[in-house]
Amino acid sequence: NIQFVKGTNETSVPDVKLTRSKDGTNGTAFFLFSEPDVFEATELEGEITGMFLIDKEGELSTVDVNAKFLNGKPQGIEATYVMKTTEELNRFMRF
């Protein structure tokens, strides 16, 4: 599950772009959520504090999360998850 507010799962499916260093030891995942439902949930649940990737192995998280607005209305969310080691990269791929 992906969450922006702890305890509230995001149901929209993001576009994900993955980069990897030439030696394969690190990489970056770029997430783009178009019209995520978290914008409706934040009024009831709380603030967006990061992006949390939760599965049976545990949790991956990043605070590099930015909302995109058009004419004052939220349109999407961009998030970046940086993997600095081969272990982090492999763990992300299992998510």
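These numbers come from the heavy atoms of this one structure, side chains and all, not from hydrogens, waters or symmetry mates.
In this structure N1 satisfies the side-chain contact (heavy atoms from CB on, under 4.5 Å) test together with N9, sequence neighbours excluded. Partners of F92 by ring pair (Phe, Tyr, Trp, His ring centres under 6.0 Å), not counting sequence neighbours, listed by chain and number: Y81. The side-chain hydrogen bond (donor to acceptor under 3.5 Å, both in side chains) test applied to T25 returns D23, not counting sequence neighbours.
Residues near F30 contribute nothing to a hydrophobic cluster around it, because no ILVMFWY side-chain heavy atom sits closer than 4.5 Å to its side chain. In the hydrophobic clustering, I54 connects to F52, either directly or through intervening members, whenever side-chain heavy atoms lie under 4.5 Å apart.
Side-chain heavy atoms closer than 4.5 Å link hydrophobic residues (I, L, V, M, F, W, Y) into clusters, and following such links, even through other members, never connects V82 to L89. Following chains of ILVMFWY side-chain contacts shorter than 4.5 Å, one cannot reach M51 starting from L32, and the two form parts of different hydrophobic clusters. By the criterion of side-chain heavy atoms lying less than 4.5 angstrom apart, applied directly or through intervening Ile, Leu, Val, Met, Phe, Trp or Tyr residues, I2 is grouped together with M93 in one hydrophobic cluster.
Counting only residues at least two apart or on different chains, the ring pair (Phe, Tyr, Trp, His ring centres under 6.0 Å) pairs with a member in residues 2-22 are F4-F33. Applying the side chain to side chain donor-acceptor pair (under 3.5 Å) rule to pairs touching residues 52-78 yields K6-E59, D55-R91, E57-R94, sequence neighbours excluded.
Under the 4.5 Å side-chain criterion, counting only non-hydrogen atoms from C-beta, V38 is in contact with V5. Side-chain atoms of I77 and V65, non-hydrogen and from C-beta on, do get closer than 4.5 Å to each other. Side-chain contact between T85 and M83 is absent, with no heavy-atom pair separated by less than 4.5 Å.
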With a cut-off of 3.5 Å and sequence neighbours excluded, list every side-chain donor-acceptor pair involving residues 11-20.
from: T11; atom 1: OG1; to: D37; atom 2: OD1; distance (Å): 3.1
from: T11; atom 1: OG1; to: D37; atom 2: OD2; distance (Å): 3.0
from: S12; atom 1: OG; to: E10; atom 2: OE2; distance (Å): 2.7
from: T19; atom 1: OG1; to: T28; atom 2: N; distance (Å): 3.4
from: T19; atom 1: OG1; to: T28; atom 2: O; distance (Å): 3.3

